[in-house]
Amino acid sequence: MKRYVDMADISDGRYYSSGDMVKAGCSGCGSCCRGMGKSIILDPLDIFRLVTRLGCTFEELMKDKIELNVVDGIILPNLKMTETSDCCAFLDGQNRCAVHDFRPGICRLFPLGRYYEQENFKYFLQVHECKNSHPTKVKIRKWLEEPELRRQEAYICRWHYFLKDIQERLDTKNDDGLRRQVSLYILQKFYMEAFPADGDFYELFEARAEEAERVLHSIMMQ
C-alpha cells in the first residue's frame with residue numbers, strides 16, 4: 001500500500017537493516033490487532049502460510065477471516081476486522097493471536113515499516129503506531145522471526161515491484177475493464193490457486209511471477 005507522507009512525521013528519521021537494533025519490542029497488549037480497518041494487506045506468502053497451517057482454502061478464509069479490497073488500483077486480500085468488536089478475526093478470547101506462529105508479514109513487521117527505493121527497501125520505525133510507552137530494544141532480524149529472512153526480503157521486493165510495475169502500466173492505460181481483468185488474474189494466480197504445501201514457496205512464486213509477467217504483458221498489449 002502506497003503512503004504519501006513525510007517520513008519525518010511518522011518515523012524517528014532513521015533507516016535500518018535487519019541486523020540493526022531498534023526500540024520496537026512490546027508486551028503484546030493486542031491494541032494493534034484492533035481497529036485496523038483494511039490496512040493489513042496480505043501477500044501470497046501470507047495466504048500460503050495460513051491455508052497450509054490451518055488446512056483450509058482461500059475460499060474458506062474468505063468466509064470470515066479475510067476480505068477483498070482495492071489497493072492502489074488492484075484487488076488484494078486483507079485481514080478482516082470483526083463487526084462486533086472491530087478486532088482481527090484471528091484474535092482469540094484471551095486477546096492473543098491464534099495464528100502467531102504463522103502470522104502475516106505486516107503483523108510481524110509492526111511497528112516497523114518498509115521504505116522502498118532503487119529496487120530494494122529499508123526498514124523504519126513508525127513512532128506513533130504502537131501504544132506501548134516503553135518499547136524494548138530488539139534486533140530487527142529477531143523481531144521478524146522469519147526462518148529464511150534473506151529469501152523473504154528478496155521475495156518482498158519482487159512482489160512489491162511486480163505490483164508497482166503493473167499498477168503504473170494500468171494507470172497509463174486508464175481502462176477499467178482491463179484493470180479488472182488484470183486484478184482477477186493476479187488474484188487467481190497468486191492467491192486462489194494454492195501453492196503446493198510440500199514445495200519451496202519462493203521458487204514456486206518466482207516461476208509464477210515470471211509466467212504472470214509474460215501473460216500480463218500480452219494482455220496489456222492488446
Side-chain angles (χ1 to χ4, degrees), residues 1-3 17-18 40-54 56-62 66-79 102-109 113-123 141 144-222:
M1 179 186 297
K2 297 176 183 177
R3 295 179 65 186
S17 70
S18 60
I40 313 300
I41 308 301
L42 302 171
D43 62 49
L45 177 58
D46 296 330
I47 295 297
F48 169 74
R49 285 173 168 167
L50 288 171
V51 300
T52 300
R53 294 292 295 273
L54 294 173
C56 65
T57 65
F58 180 83
E59 289 76 12
E60 288 171 327
L61 287 175
M62 282 288 297
I66 67 174
E67 60 186 350
L68 300 180
N69 187 38
V70 177
V71 182
D72 301 323
I74 293 180
I75 301 170
L76 296 173
N78 60 265
L79 285 183
F102 48 99
R103 63 197 183 280
I106 290 182
C107 302
R108 291 171 182 268
L109 191 64
R114 301 187 189 102
Y115 179 78
Y116 294 89
E117 63 176 356
Q118 299 178 350
E119 301 300 311
N120 210 329
F121 74 84
K122 299 174 183 176
Y123 298 100
R141 181 182 295 110
L144 296 174
E145 294 185 329
E146 281 288 352
E148 297 182 277
L149 182 57
R150 291 305 177 197
R151 297 185 78 192
Q152 187 265 352
E153 289 179 328
Y155 152 76
I156 287 293
C157 273
R158 180 75 164 102
W159 179 240
H160 173 84
Y161 287 106
F162 168 82
L163 289 181
K164 182 174 182 289
D165 177 64
I166 298 301
Q167 290 160 351
E168 290 175 348
R169 293 167 69 182
L170 286 173
D171 288 344
T172 299
K173 292 287 186 178
N174 194 28
D175 183 327
D176 290 341
L178 176 63
R179 188 180 295 276
R180 178 173 175 78
Q181 182 183 4
V182 169
S183 283
L184 293 177
Y185 174 86
I186 291 173
L187 192 63
Q188 175 67 41
K189 195 68 179 176
F190 292 100
Y191 293 99
M192 300 177 71
E193 185 181 324
F195 288 87
D198 59 351
D200 184 311
F201 170 82
Y202 297 114
E203 290 183 0
L204 294 168
F205 166 80
E206 181 56 34
R208 288 196 192 184
E210 291 177 1
E211 178 186 353
E213 286 174 332
R214 293 192 295 271
V215 171
L216 293 176
H217 174 74
S218 177
I219 291 174
M220 288 191 278
M221 287 297 290
Q222 294 177 6

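When reading the values below, keep in mind they use all heavy atoms of this one structure, side chains included, and skip hydrogens, waters and symmetry mates.
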* Asked: Passes side-chain contact (heavy atoms from CB on, under 4.5 Å), Thr57 versus Val51? Steps please.
  -> CA-CA 6 Å; Thr57 65; Val51 300; 5.7 Å; no

* **Validation row: Lys164, Asp72 side chains within 4.5 angstrom (heavy atoms)** => no

* Asked: Just wondering, do Phe58 and Glu193 contact through their side chains at under 4.5 Å, heavy atoms?
  -> no

* Does the Asp46 side chain pair with the main chain of Asp43, one donor and one acceptor, at a distance under 3.5 Å? -> yes

* To do: Please report the shortest heavy-atom distance between Ala194 and Arg208, naming the atom on each side.
  => O-NH2, 3.1 Å

* **CZ-CZ distance between Arg103 and Arg49, expressed to the nearest 0.5 angstrom** => 9.0 Å

* Does a side-chain N-to-carboxylate-O contact under 4.0 Å join Arg180 and Asp175? -> no

* Asked: Is there a side-chain contact between Arg169 and Thr172, using heavy atoms and a 4.5 Å cut-off?
  -> no

* Asked: Are Phe48 and Phe205 an aromatic pair by the rule of ring centers under 6.0 Å?
  -> no

* Could you tell me whether the side chain of Tyr155 and the main chain of Phe201 form a donor-acceptor pair under 3.5 Å? => no

* Audit row: Arg158, Glu213, salt bridge (Lys or Arg N to Asp or Glu O under 4.0 Å) steps and yes/no -> CA-CA 12 Å; Arg158 180 75 164 102; Glu213 286 174 332; 2.8 Å; yes

* Structure fact -> Separation between NZ (Lys173) and CE (Met221), nearest 0.5 Å, reads 6.5 Å

* Asked: What are the two closest heavy atoms between Leu216 and Ile186, and how far apart are they?
  -> CD1-CG1, 4.2 Å

* To do: Looking only at non-hydrogen atoms, find the nearest pair between Ile166 and Met220 and report the distance.
  => CD1-CE, 3.8 Å

* Compute both the distance and the angle, then confirm whether Arg114 meets the cation-pi test with Phe121: under 6.0 Å from the six-membered ring centre, within 45 degrees of the axis. => yes

* Ion pair check, Glu117 and Lys122, cut-off under 4.0 Å -> yes

* To do: Output the distance between atom CG (Leu170) and atom CG (Leu163), rounded to the nearest 0.5 Å.
  => 10.5 Å

* **Heavy-atom check, side chain of Phe195 versus side chain of Thr52, under 4.5 Å** => no

* Asked: If you measure from CZ on Arg151 to CD1 on Ile156, what distance do you get to the nearest 0.5 Å?
  -> 13.5 Å

* Could you go step by step and tell me if Gln188 and Met192 meet the side-chain contact (heavy atoms from CB on, under 4.5 Å) rule? -> CA-CA 5 Å; Gln188 175 67 41; Met192 300 177 71; 3.7 Å; yes

* Asked: So, the side chain of Ser218 versus the backbone of Arg214: is there a donor-acceptor pair under 3.5 Å, distance only?
  -> no

* Would you say the side chain of Phe190 lies within less than 4.5 Å of the side chain of Leu76, judging by non-hydrogen atoms? -> no

* Taking all non-hydrogen atoms of both residues, which atom of Arg108 and which atom of Phe102 are closest, and how far apart? -> NH2-CA, 3.7 Å

* **Asn120 backbone acceptor or donor facing Tyr161 side chain under 3.5 Å** => yes

* **Gap between atom CG of Asn78 and atom CG of Leu42 - 0.5 Å precision** => 6.5 Å

* To do: Please report the shortest heavy-atom distance between Gly73 and Ser183, naming the atom on each side.
  => O-OG, 3.8 Å

* Structure fact -> In this structure, CD of Glu67 is separated from CG of Leu79 (nearest 0.5 Å) by 9.0 Å

* Asked: Is any NZ, NE, NH1 or NH2 atom of the basic residue among Glu153 and Arg150 found under 4.0 Å from an Asp or Glu carboxylate oxygen of the other?
  -> yes

* **Which atom of Ile47 lies closest to which atom of Tyr191, heavy atoms considered** => CG1-CD2, 3.4 Å

